[in-house]
Amino acid sequence: MQKKLKLWDAIMLVMGSMIGSGIFIVSADMMRNLGSGYWMIIVWVITGIMTVAAAISYGELSALFPKAGGQYTYLTEIFGKKMGFLYGWGLFTVIQTGTIAAVAMAFGKFTAYLVPALNDAAPIFQSGEFKITWIQILAIAIILLLTYINTRGVESGKLLQNIFTGSKVLALLGLIAVGFILVDVSHLSENFSLGSDSFNNLKKDIDGNFLKEGWEPIGGMTLLGGIAAAMVGSVFSSVAWESVTFVSGEIENPKKNVVKSMIYGTTAVMILYIAVNYIYLNALDRDSIAFAANDRVAVAASQNIFGSAGTIIIAILVMVSTFGCNNGLILAGARVFQTMAKDGLFFKSAVDNNKNDVPANALWMQGIWASVLCLSGQYGNLLDMISFVIVLFYMITVFGVIYLRFKKPDLERPYKTWLYPITPIIYLLIGAGFCILLLIYKQQYTWPGFLMVLLGLPVYYFINRNKKVNE
């Protein structure tokens with residue numbers, strides 16, 4: 001593959017893939033689970049430490065295996081084809097494609113702020129609860145447009161990524177700056193006045209709306225369960241940074257630039273996320289964050305900061321953010337499916353590059369399945385299930401760093417994990433705590449996604465029924 005992506009392009013891919021729609025909405029659910037500005041920031045800090053620790057650990061593997069496929073390649077090289085396939089299966093069925101669908105739908109929903117006719121239009125088709133709306137059609141159009149642009153060559157995708165990522169980072173920095181300057185009444189001290197006391201409010205009325213009067217003090221194991229539930233949102237907002245490893249084969253000097261891009265990109269995004277949450281806590285009181293209409297905390301905060309123009313400003317920012325995010329996800333994901341196809345674990349036609357030297361068939365397969373998920377309306381439910389699975393695969397990969405140090409200590413390591421073994425152990429401890437608490441307190445977030453990945457096992461054995469597999 002041609003090395004057309006420089007370090008700056010790789011950093012933009014990391015940041016652009018991470019910053020989608022999550023940071024604009026997940027803080028509402030986090031506040032309902034924690035009821036405290038103090039704990040909300042603590043959860044974002046934990047997620048930040050966790051994310052950067054994983055990126056630092058992945059750096060060692062990216063230097064050892066500097067080729068396309070990234071995490072799929074690492075898992076295959078360390079633990080065998082079966083583990084690699086299960087990750088790739090999960091990536092294609094829901095992790096990458098479901099995220100693409102959800103981000104595209106967020107683009108459509110915020111576009112509807114600017115074009116109310118999209119909200120008001122009757123469904124194109126409806127049968128019972130299943131319906132196809134114009135917002136879904138717009139989401140699919142965006143997926144197909146970005147897929148087409150990326151089939152025109154990596155230069156096209158790179159240019160789009162740099163422009164949109166740069167724009168949304170500048171816009172977020174602007175929001176952070178004015179969020180402290182233009183707010184008439186600061187709620188920061190009020191939101192932190194409870195100190196380490198925590199509350200939750202997950203009670204609903206008969207119509208399914210959250211009740212504002214119902215905050216209950218929580219502590220001990222209940223608080224730990226609340227932290228785990230809140231982390232589902234912060235973790236979902238902080239994943240996809242590993243997408244840059246999928247395109248390692250197209251990055252200049254991948255042994256150095258992939259790890260640099262992951263560490264610089266994840267650190268910058270997590271600092272931005274924590275700062276944005278300070279803006280929410282400064283502009284809004286607890287109830288306004290927890291019960292923001294449709295969980296759109298950023299819209300509520302922006303209205304307080306900018307007045308009536310706030311909704312339009314945030315709608316445009318989210319549209320820019322989600323457009324750029326999806327471009328990064330689409331650009332990177334197809335490289336994994338191409339690598340799987342070369343290993344005989346995906347459709348053979350995904351192997352070939354087109355005349356622009358990009359895996360066009362893999363791009364279209366990914367785009368079409370993501371579009372089907374948009375039509376199904378189930379992408380939201382699927383995404384609730386996969387934070388657990390994503391962290392599980394992160395943990396297996398990070399453990400792979402330690403495993404390889406024992407199994408193959410003599411391997412030449414162009415980059416060694418900083419503060420090894422402390423850094424990977426920090427990630428494994430936080431990740432294990434997150435997964436165990438979800439298994440105990442929020443099983444709806446765990447078993448469905450886990451079973452979805454396990455469904456890949458019979459598929460794997462079917463694919464390999466006539467050949468001997470090297471494990």
Side-chain angles (χ1 to χ4, degrees), residues 5-27 44 48 51-52 55 103-104 106-107 109-111 113-114 142 146 149 155-183 234 237-241 243-244 257 260-284 296-332:
L5 300 175
K6 301 183 187 300
L7 174 59
W8 178 253
D9 304 320
I11 293 171
M12 289 293 99
L13 180 56
V14 171
M15 296 181 71
S17 298
M18 287 179 75
I19 306 171
S21 57
I23 187 59
F24 303 104
I25 54 178
V26 298
S27 295
W44 279 107
T51 304
V52 177
V103 171
F107 178 92
K109 287 175 180 177
F110 278 88
T111 303
Y113 265 116
L114 304 180
I142 289 300
L146 288 170
I149 290 170
E155 292 282 358
S156 302
K158 178 182 82 171
L159 178 64
L160 205 63
Q161 191 65 27
N162 290 353
I163 290 170
F164 277 84
T165 300
S167 299
K168 64 185 172 186
V169 169
L170 288 173
L172 281 173
L173 288 171
L175 178 64
I176 292 163
V178 299
F180 281 108
I181 297 167
L182 297 185
V183 170
S234 60
S237 303
S238 308
V239 297
W241 49 268
S243 291
V244 73
N257 286 341
K260 285 181 180 178
S261 67
M262 288 192 291
I263 295 172
Y264 297 161
T266 54
T267 302
V269 169
M270 295 317 301
I271 291 170
L272 272 176
Y273 280 2
I274 292 168
V276 168
N277 276 276
Y278 267 102
I279 294 305
Y280 297 158
L281 294 168
N282 190 47
L284 302 168
R296 294 186 176 108
V297 184
V299 171
S302 194
Q303 283 176 328
N304 269 19
I305 297 166
F306 299 106
S308 57
T311 300
I312 295 172
I313 290 168
I314 285 296
I316 293 170
L317 173 54
V318 175
M319 287 169 66
V320 169
S321 181
T322 49
F323 194 84
C325 177
N326 247 357
N327 181 68
L329 294 169
I330 288 167
L331 185 156

Engineer: Which value, rounded to the nearest 0.5 Å, describes the distance between I314 atom CD1 and Y113 atom OH?
Structural biologist: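 Between I314 CD1 and Y113 OH, I get 10.0 Å after rounding to 0.5 Å.
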Engineer: Ignoring hydrogens and angles, write down the donor-acceptor pairs under 3.5 Å from the side chains of residues 262-272, residues two or more places apart or on other chains.
Structural biologist:
{"from": "T266", "atom 1": "OG1", "to": "M262", "atom 2": "O", "distance (Å)": "2.6"}
{"from": "T266", "atom 1": "OG1", "to": "I263", "atom 2": "O", "distance (Å)": "3.4"}
{"from": "T267", "atom 1": "OG1", "to": "I263", "atom 2": "O", "distance (Å)": "2.7"}

Engineer: Run R296 and V318 through side chain to side chain contact (heavy atoms under 4.5 Å, CB included) and show every step you take.
Structural biologist: CA-CA 11 Å; R296 294 186 176 108; V318 175; over 6 Å; no
Engineer: Kindly compute the distance separating CD1 (I279) from CD1 (I176), expressed to the nearest 0.5 Å.
Structural biologist: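 Going from the CD1 atom of I279 to the CD1 atom of I176 covers 6.5 Å.
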Engineer: Distance-only criterion, 3.5 Å: show the donor-acceptor pairs between side-chain atoms of residues 303-312 and protein atoms not counting sequence neighbours.
Structural biologist:
{"from": "Q303", "atom 1": "NE2", "to": "T311", "atom 2": "OG1", "distance (Å)": "2.9"}
{"from": "N304", "atom 1": "ND2", "to": "A283", "atom 2": "O", "distance (Å)": "2.7"}

Engineer: Identify the heavy atoms of S167 and V320 that sit nearest to each other, and give their distance.
Structural biologist: CB-CG1, 3.9 Å
Engineer: Tell me if a side-chain donor or acceptor on S17 pairs with a main-chain N or O of C325 at a distance below 3.5 Å.
Structural biologist: no
Engineer: Hey, what's the ring geometry for Y273 with W44, parallel, tilted or perpendicular (30° and 60° as the breaks)?
Structural biologist: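 Geometry flag for W44 against Y273: perpendicular rings.
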Engineer: Hey, could you give me the OG1/CG distance between T165 and N327, rounded to the nearest 0.5 Å?
Structural biologist: 8.0 Å
Engineer: Tell me if a side-chain donor or acceptor on N282 pairs with a main-chain N or O of G179 at a distance below 3.5 Å.
Structural biologist: yes
Engineer: Kindly compute the distance separating CG (L331) from CG (N326), expressed to the nearest 0.5 Å.
Structural biologist: 11.5 Å
Engineer: Donor-acceptor pair, T322 side chain versus M319 backbone, under 3.5 Å?
Structural biologist: yes
Engineer: What's the separation between atom CG in D9 and atom CD in Q161, rounded to the nearest 0.5 Å?
Structural biologist: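 Reported to 0.5 Å precision, the distance equals 9.5 Å.
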Engineer: Ignoring hydrogens and angles, tell me if any N or O in the side chain of S21 forms a donor-acceptor pair with the backbone of F107 under 3.5 Å.
Structural biologist: no
Engineer: Provide the closest heavy-atom pair for S243 versus L13 in the form atom of the first, atom of the second, distance.
Structural biologist: O-CD2, 4.4 Å
Engineer: Calculate, to the nearest 0.5 Å, the distance between atoms OG and CZ belonging to S321 and F164 respectively.
Structural biologist: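 Interatomic distance, S321 OG to F164 CZ, rounded to 0.5 Å: 10.5 Å.
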Engineer: Apply side chain to side chain contact (heavy atoms under 4.5 Å, CB included) to residues L317 and I313 and explain how you reach the verdict.
Structural biologist: CA-CA 6 Å; L317 173 54; I313 290 168; 5.5 Å; no
Engineer: Looking at residues at least two apart in the chain, or sitting in another chain, which of them share a salt bridge (Lys or Arg N to Asp or Glu O under 4.0 Å) with K168?
Structural biologist: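 Checked K168 against salt bridge (Lys or Arg N to Asp or Glu O under 4.0 Å); zero matches.
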Engineer: Is any side-chain heavy atom of I11 closer than 4.5 Å to a side-chain heavy atom of V244?
Structural biologist: no
Engineer: Heavy-atom distance under 4.5 Å between the side chains of F323 and L146, does that happen here?
Structural biologist: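 Touching, per the 4.5 Å side-chain cut-off.
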Engineer: Within the side chain of S238, is there an N or O that forms a donor-acceptor pair under 3.5 Å with the backbone of S234?
Structural biologist: yes
